[in-house]
Amino acid sequence: MTADARRLFVAAQLSVGTVNSLAAAAETLARRARDARVDLRFVAPANYHVTVRFLGQTRSDAIPAIQDALDAAVVDATPHKLRTTRLGAFGSLDKARVVWAGVEEPTGQLAAIAKRVEDACVRLGFVPEPRPFHAHVTIARLRETLPVREVVLPVAEQMFGDTRIDAITLFESETKSQGSVYREIHRSAFKPASECQTGPLNLGASNTSSEHSEDVDSDDGWPRGPR
């Protein structure tokens, strides 16, 4: 790993209303978890997002090519709405590692953009993502696999709000004493192809470190290994 490596991911940001609704649900979950003696580590509401692609530890000199790839991935994408609704868990309510809020995407646009981003990342030398794209918002993580059915199921059927998606964002995740802090590096706004000035992607040798393939979890807690 080089000294200038940075932990990166690509995400869609959520509306303020959706974040506030999710934060209220997290408070309810926290009370239920305390009563059930389940140790949930909750994500700060400021960090709620929908992950498009986790990149992991990445050399700083790869960032310009990644930015170009993201700009190209959203060519001709149009703003659309996502609905954040229901609560669940990876791998299941009975053997959970992550508690999440689901995302409904009727247009399928974000999934299509995620596929373009994935293809571009692989061309840039990133290890292929082994799992299909599954839009979600991580609410909490567990230190060990535990059942959370008693905590989550009674409050699972909720609607948290709509978000207008008009861009995807490249973030850097920095670990601080108070937890992870996300810093925006680049925003790729949706716009027609006629407005885009993006040049050809730099598709040379791998821009990632060999350590990338060894990351156990994505930045939002979704386990990367096989089920």
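Just so you know, these numbers use all the heavy atoms, side chains as well, and skip hydrogens, waters and symmetry mates.
Scored by the salt bridge (charged side-chain N to carboxylate O under 4.0 Å, His left out) test, Lys95 finds no partners at all (sequence neighbours excluded). Under the rule for a side-chain hydrogen bond (donor to acceptor under 3.5 Å, both in side chains), the partners of Thr78 that lie at least two apart in sequence or sit in another chain are Gln109. Arg37 pairs by the side-chain hydrogen bond (donor to acceptor under 3.5 Å, both in side chains) definition with nothing, not counting sequence neighbours. For Phe171, the ring-ring contact (aromatic ring centres under 6.0 Å, His included) partners two or more places apart in sequence, or in a different chain, are Phe9. The side chain to side chain contact (heavy atoms under 4.5 Å, CB included) search around Val19 returns Leu14, Pro45, Tyr48, not counting sequence neighbours. Taking Asp166 as the reference, Arg164, Arg187 meet the side-chain hydrogen bond (donor to acceptor under 3.5 Å, both in side chains) condition, with sequence neighbours excluded. For Arg86, the salt bridge (charged side-chain N to carboxylate O under 4.0 Å, His left out) partners are Glu104, not counting sequence neighbours. Shown here are the salt bridge (charged side-chain N to carboxylate O under 4.0 Å, His left out) partners of Glu105, two or more places apart in sequence or in another chain: there are none. Scanning for side-chain hydrogen bond (donor to acceptor under 3.5 Å, both in side chains) contacts around Arg149 gives Asp94, with sequence neighbours left out.
Atoms CZ and CZ, from Arg97 and Arg141 in turn, are 10.5 Å apart once rounded to the nearest 0.5 Å. One distance of note links OG of Ser173 with CD of Gln57; it measures 9.0 Å at 0.5 Å rounding. Considering OG1 of Thr51 and CD1 of Ile168, their distance stands at 12.0 Å, rounded to 0.5 Å. The distance from atom CG of Leu170 to atom CD1 of Ile63, rounded to the nearest 0.5 Å, is 6.5 Å. Note that OG1 of Thr138 and CG of Asn47 are 10.5 Å apart. Values are rounded to the nearest 0.5 Å. Put simply, CZ on Arg53 and CG on Leu55 are 6.0 Å apart, with the number rounded to the nearest 0.5 Å.
Pairing each heavy atom of Thr84 with each of Ala101, the nearest pair is CG2-CB, 3.8 Å. Minimum interatomic distance between Ala36 and Val151 (heavy atoms only, all atoms of both residues): CB-CG2, 3.8 Å. Heavy-atom minimum distance, Leu8 versus Phe54: O-CD1, 3.9 Å. Residues Ala26 and Ile139 share a closest heavy-atom pair of CB-CG2, 4.1 Å. The nearest pair of heavy atoms linking Ala167 to Ala189 is CB-CA, 3.7 Å. For the residue pair Leu142 and Arg41, the shortest heavy atom distance occurs at O-NH2, 3.7 Å.
The closest side-chain heavy-atom distance from Ser188 to Gln67 is not below 4.5 Å. In this structure the side chain of Leu87 reaches within 4.5 angstrom of the side chain of Leu29, judged on heavy atoms. Between Ile113 and Val117 there is a side-chain heavy-atom pair separated by less than 4.5 Å. For the pair Val50 and Val137, the minimum side-chain heavy-atom distance is below 4.5 Å.
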Verdict with supporting geometry, Ile185 and Arg6, side-chain contact (heavy atoms from CB on, under 4.5 Å): CA-CA 11 Å; Ile185 294 177; Arg6 300 159 76 175; 3.8 Å; yes

Can you give me every donor-acceptor pair (side chain of residues 152-162, partner residue at least two apart or in another chain, under 3.5 Å) with its distance?
| unit_1 | atom_1 | unit_2 | atom_2 | d |
| --- | --- | --- | --- | --- |
| Gln158 | NE2 | Val155 | O | 2.7 |
| Asp162 | OD1 | Arg83 | NE | 2.8 |
| Asp162 | OD1 | Arg83 | NH2 | 3.4 |
| Asp162 | OD2 | Arg83 | NH2 | 3.1 |

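Summarising the local packing, CD of Glu150 is surrounded by 12 or fewer heavy atoms from other residues, nucleotides or ligands at distances under 6.0 Å.
Applying the ring pair (Phe, Tyr, Trp, His ring centres under 6.0 Å) rule to pairs touching residues 15-35 yields nothing, sequence neighbours excluded. Listed by first and then second residue, the salt bridge (charged side-chain N to carboxylate O under 4.0 Å, His left out) pairs involving residues 18-34 amount to none (not counting sequence neighbours).
Between Trp100 and Phe90, the two ring planes are tilted [angle within 30° to 60°].
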